There are 4 protein chains.
Amino acid sequence: MAKRTKCIEKRIALLNATLHLVNNNGFHDAPMSKIAKMADVSPATIYIYFENKQDLINKLYLETKASFSKYAFKDYLTSLSVETGFELIWRNIAYFKLNQVEEANFLSQCDNISTMVDEKSRQEGLKNLQPLLDLWERGQKEGIIKPISPYLLYAYAIYPLAFLMKMQHRNDFELSEDNLTEAFESAWNAIKI
Amino acid sequence: MAKRTKCIEKRIALLNATLHLVNNNGFHDAPMSKIAKMADVSPATIYIYFENKQDLINKLYLETKASFSKYAFKDYLTSLSVETGFELIWRNIAYFKLNQVEEANFLSQCDNISTMVDEKSRQEGLKNLQPLLDLWERGQKEGIIKPISPYLLYAYAIYPLAFLMKMQHRNDFELSEDNLTEAFESAWNAIKI
Amino acid sequence: MAKRTKCIEKRIALLNATLHLVNNNGFHDAPMSKIAKMADVSPATIYIYFENKQDLINKLYLETKASFSKYAFKDYLTSLSVETGFELIWRNIAYFKLNQVEEANFLSQCDNISTMVDEKSRQEGLKNLQPLLDLWERGQKEGIIKPISPYLLYAYAIYPLAFLMKMQHRNDFELSEDNLTEAFESAWNAIKI
Amino acid sequence: MAKRTKCIEKRIALLNATLHLVNNNGFHDAPMSKIAKMADVSPATIYIYFENKQDLINKLYLETKASFSKYAFKDYLTSLSVETGFELIWRNIAYFKLNQVEEANFLSQCDNISTMVDEKSRQEGLKNLQPLLDLWERGQKEGIIKPISPYLLYAYAIYPLAFLMKMQHRNDFELSEDNLTEAFESAWNAIKI
DNA sequence: CATGAATGAGTGTTCATTCAT
DNA sequence: TATGAATGAACACTCATTCAT
């Protein structure tokens with residue numbers, strides 16, 4: 001039992017170290033040796049928990065994505081109206097990006113740099129958005145949401161948050177509560193009929 | 001007195017090779033040796049045309065950004081109405097992303113990976129959007145565009161195109177003429193009053 | 001918990017290889033790759049034992065200087081008379097140069113090429129001569145040694161040995177026991193009152 | 001005629017640039033490109049005047065040595081007494097080291113770093129000291145100079161100046177007129193019977 | 001004669017990964 | 001399980017020298 005606990009802790013420490021280093025130094029300055037040092041283990045130990053560096057990144061991506069998903073759909077029920085449900089999810093996502101900055105930033109990097117996460121993991125990660133896609137489909141059937149590709153809906157309703165987060169991270173822009181309301185307004189205007 | 005002349009073709013070949021490799025292999029797998037091989041020169045030759053790798057990336061970024069800017073504001077006149085002017089610019093940008101896939105993709109990577117282009121070059125590159133910001137300001141004065149931060153306007157009017165381009169590049173989605181019109185509609189809905 | 005232990009033998013092999021290569025090929029033709037090959041390790045292994053090339057050279061200098069110092073003051077006691085003490089130290093130094101040819105040659109190179117060893121290490125290395133300087137000071141107080149700068153004393157009493165060693169190394173000259181006695185005579189005549 | 005003059009000037013500029021760079025940056029940071037830049041010519045031009053880098057260094061060594069020799073035996077006549085002649089030459093050499101710092105420093109580096117100048121040039125350079133060796137031989141015949149190897153005479157009479165010059169160059173020591181007289185005294189005491 | 005462009009071979013150094021314990 | 005030592009292959013970059021003009 002003690003062993004198991006210890007193991008899980010080291011695994012988590014390694015994932016956290018990777019998250020931190022990739023965000024702060026960039027992928028090309030997050031060598032295994034630094035990750036190991038930050039997690040307070042030997043470089044060789046990483047290979048007990050992960051197959052190789054790619055596997056470490058993939059696993060971190062998937063687990064962070066799952067954590068994002070949990071956050072995004074907190075309190076969401078399919079019984080909610082399309083409009084209420086969408087605002088709930090949208091705000092959850094926004095708050096995730098505001099409060100879980102490192103996780104959000106890491107996911108954004110993975111989604112933008114094609115070579116970072118492998119195709120299989122990316123596909124796997126996509127599944128996490130299913131409830132939102134279902135909501136949109138329902139909205140389209142009800143004539144509330146524009147009858148356009150979910151890619152377009154995502155591009156205009158969710159993706160802009162990534163830009164705003166990036167700008168906030170660079171201190172070029174501050175995502176105040178007011179700005180957030182304006183942003184939601186724009187998102188809704190973009191996709192509602 | 002005579003000498004072999006530094007030929008601009010080699011410089012261009014090097015920039016093209018870099019563009020291609022960064023797009024296909026990612027920044028962290030675009031070593032100088034591969035760039036040289038692809039441009040059909042010796043690795044040492046790169047250093048005749050560029051100070052170092054960072055300088056090569058910076059210059060490529062700035063020149064690609066300038067080329068983007070030229071494309072984005074083609075046929076644009078400040079005498080056009082806000083609505084017409086915006087649609088013109090928006091479509092120019094969209095076509096740039098559709099037709100100059102590699103350039104667009106490279107710029108997207110540069111803007112997303114903080115450590116890729118240095119701060120000075122990024123600031124320099126930002127200037128290229130000024131005419132669009134001016135147009136929005138005019139639109140706000142005329143009561144046509146929402147009185148919100150330009151960052152929000154950009155996030156909802158322009159940034160979504162980056163996502164659509166990425167999806168198209170991955171063959172997940174096709175940006176047909178119809179989709180483009182839908183996308184423009186959403187962009188306009190998001191920012192117009 | 002167990003691990004492969006960093007073996008001191010490799011460190012020594014690396015220092016020896018460096019000593020040998022710098023002496024035979026000169027500082028500018030003693031690349032890390034050759035040092036590694038001669039010590040029978042991978043180039044990367046050097047960096048486990050030394051920070052970088054400068055550090056390797058510095059450490060070799062300091063350790064060789066310390067070894068020289070031990071040799072130079074063997075059997076020396078401050079209770080000896082100035083004359084006896086000086087001859088003892090002088091002969092120790094001469095024998096060091098005769099018997100530890102590579103060490104002596106390396107130290108000579110380091111002291112002559114200003115850019116080889118960094119200033120801090122050079123200053124550190126100077127401390128090793130203190131007992132001789134003390135002896136000279138005593139000799140001056142006793143009216144046996146000329147009341148001149150220790151730099152002058154060193155220049156005429158010790159430094160000439162470097163030249164003789166160099167000539168012997170080039171087979172231009174042989175430092176026989178007779179020559180050694182003549183050399184000591186000259187050294188003593190140069191500094192005694 | 002004009003051409004010839006121009007050529008000689010470039011050759012001299014190259015030799016001066018090399019002298020300066022080797023002294024200030026050390027041999028390992030005096031690349032052909034820097035030498036060319038400092039002499040205000042193209043790197044390729046160096047190869048019109050010199051076979052290669054080794055040849056450039058060799059020639060510089062020999063010409064500097066010749067210049068040294070001219071300086072060393074200024075006003076010297078074989079008709080002078082051994083004692084007077086020796087002091088004259090000794091002081092000439094000392095002043096050369098004091099006044100022609102760069103030349104002296106360069107010669108010292110060449111004589112100390114075995115791999116810098118090739119054997120043939122070194123042997124050639126040795127001839128420049130012949131008048132001094134002749135003087136010593138005469139002194140020995142006259143019973144004024146110790147009957148010991150000229151290498152020993154050189155080691156104690158001339159070589160110490162190199163050390164004093166080096167210390168002066170490092171600002172550790174100042175070769176005042178008084179010190180110079182003390183130094184000469186030591187030199188003479190070391191070799192006279 | 002003189003040039004700047006061009007380069008192959010090499011530099012010191014880093015890194016993901018494996019090995020021996 | 002866990003380790004620090006060890007490494008081959010690679011990296012960005014430099015340099016003495018040659019080439020084409």
Side-chain angles (χ1 to χ4, degrees), chain A residues 2-4 6-7 10-11 28-37 40-56, chain B residues 1-7 10-11 28-36 40-56, chain C residues 1-7 10-11 28-36 40-57, chain D residues 2-4 6-7 10-11 28-37 40-57:
Chain A
K3 265 188 197 172
R4 267 231 175 249
K6 226 180 186 177
C7 293
K10 272 185 190 166
R11 212 189 98 101
H28 75 285
D29 193 26
M32 296 298 254
S33 53
K34 275 193 191 169
I35 292 172
K37 196 165 283 173
D40 214 30
V41 298
S42 159
T45 304
I46 301 180
Y47 293 84
I48 296 168
Y49 294 93
F50 303 96
E51 269 178 59
N52 50 38
K53 195 176 184 183
Q54 184 64 67
D55 181 50
L56 166 61
Chain B
M1 225 50 111
K3 56 173 179 176
R4 221 192 286 192
T5 44
K6 195 146 117 185
C7 66
K10 265 177 196 167
R11 211 189 101 101
H28 72 280
D29 193 25
M32 297 300 251
S33 54
K34 276 191 192 168
I35 292 172
D40 210 32
V41 297
S42 158
T45 303
I46 302 180
Y47 295 87
I48 295 169
Y49 295 90
F50 303 96
E51 271 178 56
N52 49 41
K53 193 176 184 182
Q54 185 65 67
D55 181 49
L56 166 60
Chain C
M1 223 49 108
K3 55 171 177 176
R4 221 194 286 192
T5 44
K6 193 147 119 186
C7 66
K10 265 178 195 167
R11 211 189 100 101
H28 71 280
D29 193 24
M32 297 300 252
S33 54
K34 277 191 191 169
I35 292 171
D40 211 34
V41 298
S42 158
T45 304
I46 302 180
Y47 294 85
I48 294 169
Y49 295 90
F50 303 96
E51 269 178 58
N52 50 39
K53 193 177 184 181
Q54 184 65 67
D55 181 49
L56 166 60
I57 298 283
Chain D
K3 263 186 195 171
R4 267 231 175 247
K6 226 179 183 177
C7 294
K10 271 184 189 165
R11 212 189 98 102
H28 75 283
D29 193 26
M32 296 298 253
S33 54
K34 275 192 191 169
I35 292 172
K37 196 165 282 172
D40 214 30
V41 299
S42 159
T45 305
I46 301 181
Y47 293 84
I48 296 167
Y49 294 93
F50 303 96
E51 270 179 57
N52 50 38
K53 196 177 184 183
Q54 184 65 67
D55 181 48
L56 166 60
I57 298 282

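Just so we're on the same page: letters track the sequence lines, and every chain starts at 1. Every heavy atom of this structure was used, including side-chain atoms; hydrogens, water molecules and symmetry mates were not. Predicted model only: the values in this text are computed from it and were never measured.
Going from atom CZ of A/R11 over to atom P of F/dT1 covers 14 Å, rounded to whole Å. The nearest whole Å value for the distance from the NE2 atom in C/H28 to the C1' atom in F/dC15 is 13 Å. One can place NZ of D/K37 at 11 Å from P of E/dA5, the figure rounded to the nearest angstrom. If you take CG of C/D55 and P of E/dG12, they are 15 Å apart, rounded to a whole angstrom. In this structure, CD of C/Q54 is placed 17 Å from P of E/dT11, rounded to the nearest angstrom. Put simply, CG on B/L56 is 12 Å from C1' on F/dA12, counting in whole angstrom units. Rounded to a whole Å, the CD1 atom of B/I35 is 12 Å from the C1' atom of F/dC11. In this structure, the CG atom of C/N52 is 9 Å from the C1' atom of E/dT13, given to the nearest Å.
Contact between the side-chain N/O atoms of A/K53 and the OP1/OP2 oxygens of E/dT17 is not found at any separation under 4.0 Å. Contact check, C/S33 against E/dG10: no side-chain N or O comes under 4.0 Å of OP1 or OP2. Phosphate contact (OP1/OP2 of F/dA2, side-chain N/O of A/K10, threshold under 4.0 Å): present.
Residues B/I35 and B/A30 approach most closely at CD1-O, 3.6 Å, considering heavy atoms. Nearest heavy atoms, B/S42 versus B/A36: C-CB, 3.9 Å. Considering all non-hydrogen atoms of both residues, B/N52 and B/Y47 come closest at CA-CE2, 3.9 Å.
Distances were taken from every side-chain heavy atom of B/C7 (C-beta onward) to each of E/dA6, F/dA6, E/dA16; the shortest belongs to E/dA6. Nearest to the side-chain atoms of D/D29 among the listed nucleotides E/dA2, E/dT13, F/dC15 stands F/dC15.
Note that the CG atom of B/D55 and the CD1 atom of B/I46 stand 11.5 Å from one another [nearest 0.5 Å]. In this structure, D/R11 CZ and D/C7 SG are separated by 11.0 Å, a value rounded to the nearest 0.5 Å.
For the helix from E/dA2-F/dT21 to E/dT21-F/dA2, the end axes, each set by the C1' atoms of five terminal pairs, are bent relative to each other by 30° (nearest 10°).
Using a 4.5 Å cut-off on side-chain heavy atoms (C-beta onward), A/M32 and A/L56 make contact.
Within residues 41-51 of chain C, the residues having any heavy atom closer than 4.0 Å to DNA chain E are, in order of number, C/A44, C/Y47.
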